[in-house]
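Every heavy atom of this structure was used, including side-chain atoms; hydrogens, water molecules and symmetry mates were not. The chains referred to below are lettered A, B, ... by the order of the sequence lines, with proteins before strands, and numbering in each begins at 1.
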2 protein chains.
Amino acid sequence: MSQTPPSSNDSAAADGAVQATPAFSPLYQQIKVLILQSLQDGEWKPGEAIPSEIELAARFRVSQGTVRKAIDELAAENLLVRRQGKGTFVATHAEQHVRYRFLRLIPDSGDVDTEGPAQREVLECKRARASADIARTLGLRTGDPVVQVRRILSFGGVPTILEDLWLPGNAFKGLNAGQMAGYHGPTYAMFEVEFGVRMVRAEERIRAVAADAQQAMLLKVEQHTPLLSVERVAYTYNDVPMELRRGLYVTETHHYRNELS
Amino acid sequence: MSQTPPSSNDSAAADGAVQATPAFSPLYQQIKVLILQSLQDGEWKPGEAIPSEIELAARFRVSQGTVRKAIDELAAENLLVRRQGKGTFVATHAEQHVRYRFLRLIPDSGDVDTEGPAQREVLECKRARASADIARTLGLRTGDPVVQVRRILSFGGVPTILEDLWLPGNAFKGLNAGQMAGYHGPTYAMFEVEFGVRMVRAEERIRAVAADAQQAMLLKVEQHTPLLSVERVAYTYNDVPMELRRGLYVTETHHYRNELS
DNA sequence: AAGTGGTCTAGACCACAAC
DNA sequence: TTGTGGTCTAGACCACTTG
């Protein structure tokens with residue numbers, strides 16, 4: 001960790017490109033990258049505590065304040081969770097207060113708790129080969145192995161979400177319907193435990209569509225009922241796409257909630 | 001600004017309630033409130049620079065680092081914008097890179113720039129009285145004066161958004177169709193300039209609905225076409241609601257983009 | 001009591017923008 | 001050259017958790 005000056009750019013020349021601007025990178029950003037690296041490498045697993053700020057400061061040969069700023073940013077990105085008096089922990093989808101952080105559909109009453117968690121029914125869970133567009137969004141090649149899942153989520157017995165998931169076959173070897181249905185808690189928490197894959201962020205594209213005959217049957221609504229089409233790409237560390245998900249949401253008694261700021 | 005100790009709780013007893021925990025509030029939070037107060041009071045207007053960190057530190061009798069932390073949080077909330085070497089500025093909807101920050105509908109191509117800004121057609125702009133539910137969400141009483149606007153936004157000549165807006169009559173006295181249609185740039189930027197109202201954050205509830213006869217006609221689509229229903233409540237400083245907006249989005253060539261993290 | 005994160009300070013220096 | 005925000009440090013002390 002060079003300190004004086006804070007190395008203009010530590011990254012080894014990956015290719016022959018020459019940067020006109022040396023891209024000054026603050027020390028705390030370099031520390032952030034190092035911590036991120038340890039997270040990726042699984043040195044600290046979801047739910048575990050990472051070393052204390054003082055330990056990390058010693059390890060990286062910087063002041064506690066610099067480590068603090070790096071951790072602050074990682075906490076702001078929901079990769080770490082700070083708990084005063086206890087330590088800093090690797091974020092996980094299994095925590096109570098962030099459960100279903102990525103599920104934005106809530107009952108119109110707003111009272112998520114009375115409803116409880118969704119009931120899951122797995123219709124299909126099979127190995128397949130990636131089509132061209134699925135391969136593209138998952139960063140694979142056409143024909144590469146993928147796991148495909150189709151399921152229905154119900155709230156209070158009412159089928160509300162029909163979802164198709166595509167996952168890279170290599171990372172999710174051995175995923176089966178039993179796991180998808182049996183795990184208690186968010187699917188993403190199961191992915192962490194069973195496959196060591198932690199979803200960090202996601203992008204969604206939302207449209208309004210009309211239910212076709214099959215979709216209407218599965219969701220127990222009239223054909224042509226307007227549905228929310230939610231296409232999600234979820235990413236692990238380092239912006240690596242690890243899931244494509246296409247969902248159809250019934251919005252009779254629920255709505256998709258979003259906060260703009 | 002009490003410093004030793006950092007006043008356990010400065011707020012005067014608003015009611016007779018006794019707090020079991022004194023609710024320790026860090027100095028920088030108190031500074032944050034003071035800055036927020038100045039923003040609300042219009043001491044610094046959108047687009048203007050606020051005093052330098054050193055000046056604010058002197059004014060509040062704290063160190064620069066404490067002011068910095070307060071400003072950091074306000075910048076993270078998009079209330080202030082820092083520009084190295086120049087100063088810290090009050091955020092505004094008129095800035096180029098945050099224009100239409102609250103409009104999440106983008107063309108499927110993803111290329112927002114080729115499309116350019118929306119064409120606005122104001123169908124209606126009238127004074128009215130708040131119905132019960134509109135009064136409730138705007139924090140008014142039923143029958144209080146409101147301004148109601150109906151308009152259509154088109155992209156490349158294609159009508160895409162049909163919107164109804166309700167605004168508190170007192171704050172938006174004198175708003176007329178000419179202003180709504182004539183202003184170049186985001187409507188929220190016009191609100192800042194003409195009425196001194198800055199929208200800080202908003203909540204949206206999204207559903208899929210079918211176009212009725214009138215909506216279909218106005219948006220030039222088939223009746224029963226699935227549309228995205230977006231109900232937004234926008235807030236100024238201090239979580240005061242200042243706008244209710246009900247929009248219907250055509251999602252044939254556009255989609256609502258959302259980022260989860 | 002010991003260890004963790006959280007706050008606050010003061011000072012030095014760097015990067016950027018404007019004059 | 002000056003003034004702004006941005007980084008980095010070192011140390012003191014506070015608040016929270018656990019033993």
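- If you check D/dG5, D/dT9, C/dG5 against the side chain of A/Arg82, the one that comes closest is C/dG5.
- Using a 4.0 Å heavy-atom criterion, one finds that B/Arg68 contacts the bases of the nucleic acid, with or without backbone contacts as well.
- Rounded to an integer number of Å, the gap from A/Gln64 CD to C/dC8 C1' is 13 Å.
- For the side-chain contact (heavy atoms from CB on, under 4.5 Å) test, residues two or more places apart in sequence or in another chain that qualify with A/Glu43 are A/Ser38, A/Arg59.
- In this structure, A/Glu55 atom CD and C/dG3 atom P are separated by 11 Å, rounded to whole Å.
- Relative to the side chain of B/Ser52, the nucleotides D/dC8, D/dG5, C/dT9 differ in distance, and D/dG5 lies closest.
- Whole-Å rounding puts the A/Ile54 CD1 to D/dT9 P distance at 15 Å.
- Among the atoms of the strands shown, only primed sugar atoms or phosphate atoms (P, OP1, OP2) are found under 4.0 Å from some heavy atom of A/Glu53.
- Taking 4.0 Å as the cut-off between side-chain N and carboxylate O, A/Arg257 and A/Glu259 count as a salt-bridged pair.
- B/Lys69 has a side-chain polar atom (N or O) that falls below the 4.0 Å cut-off from OP1 or OP2 of C/dT7.
- Between B/Tyr28 atom OH and C/dG6 atom P there is a gap of 9 Å when expressed in whole angstrom units.
- Between the side chains of A/Arg68 and A/Ser63, no donor N or O sits under 3.5 Å from an acceptor N or O.
- Among residues two or more places apart in sequence or in another chain, the side chain to side chain donor-acceptor pair (under 3.5 Å) test is passed with A/Asn170 by none.
- Residue A/Gln84 has its side chain nearest to C/dG6 when only D/dT18, D/dG5, C/dG6 are considered.
- Residue B/Leu27 contributes atom CG, which lies 13 Å from atom P of D/dC14 at whole-angstrom precision.
- Summarising the geometry, the separation between CZ on B/Phe89 and P on C/dC16 is reported as 17 Å, rounded to the nearest angstrom.
- Distance, B/Ile71 CD1 to D/dT4 C1': 11 Å, rounded to whole Å.
- Closest to the A/Lys86 side chain, of the nucleotides D/dT4, C/dT9, D/dT18, is D/dT18.
- Within the 4.0 Å cut-off from OP1 or OP2 of D/dC8, not a single side-chain nitrogen or oxygen of A/Ser63 is found.
- Both A/Gln29 and A/Gly85 lie near DNA chain D, and the one whose nearest nucleotide falls closer to the 5' end is A/Gln29.
- In summary, the aromatic rings of A/Phe172 and A/Phe191 are positioned with their centroids under 6.0 Å apart.
- Summarising the geometry, the separation between CG on B/Asp72 and C1' on D/dT7 is reported as 12 Å, rounded to the nearest angstrom.
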